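Input: a single structure, listed below in structure tokens.
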Amino acid sequence: MYEMHVGTAPPDGTLVWHIAAKDRATALCGESLPAEHAADRDTTDRHCAPCMSSFQELLDQRA
């Protein structure tokens, strides 16, 4: 099971949606996921490209 979390993207700290395995503090891209604030969930519609690519590879492996 995977979950979406808002976190920052290097190098500029832009807020993006990351993907992480449930109960993990690290996103699929390797970024640490700090405690998420409820307000952060409404501040971005951007997604972490490395997380999305890694997630797609995981889905392809299952097919």
Side-chain angles (χ1 to χ4, degrees):
M1 175 73 74
Y2 294 89
E3 301 175 332
M4 301 290 290
H5 295 272
V6 174
T8 57
D12 61 359
T14 302
L15 289 177
V16 296
W17 285 97
H18 288 282
I19 302 172
K22 189 173 181 171
D23 300 325
R24 298 284 181 160
T26 305
L28 294 178
C29 67
E31 287 293 310
S32 294
L33 298 173
E36 186 178 301
H37 301 283
D40 290 345
R41 297 182 75 79
D42 296 328
T43 60
T44 187
D45 61 354
R46 294 179 161 201
H47 293 80
C48 172
C51 277
M52 298 302 286
S53 294
S54 293
F55 188 64
Q56 184 63 55
E57 288 176 18
L58 288 168
L59 292 176
D60 291 345
Q61 290 174 2
R62 289 186 171 192

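On a predicted model such as this, the values are computed, not experimentally measured, just so you know.
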Taking only distance into account, with no hydrogens and no angle test, what donor-acceptor pairs under 3.5 Å do side-chain atoms of residues 15-27 form with protein atoms, sequence neighbours excluded?
unit_1 : atom_1 : unit_2 : atom_2 : d
Trp17  : NE1    : Thr44  : O      : 3.2
His18  : NE2    : Thr8   : O      : 3.0

task = Give every residue pair that meets the side chain to side chain donor-acceptor pair (under 3.5 Å) criterion with at least one member in residues 51-60, sequence neighbours excluded.
result = Gln56-Asp60

task = Check whether Met4 and Tyr2 end up in the same hydrophobic cluster, where Ile, Leu, Val, Met, Phe, Trp and Tyr are linked by side-chain heavy atoms less than 4.5 Å apart.
result = yes

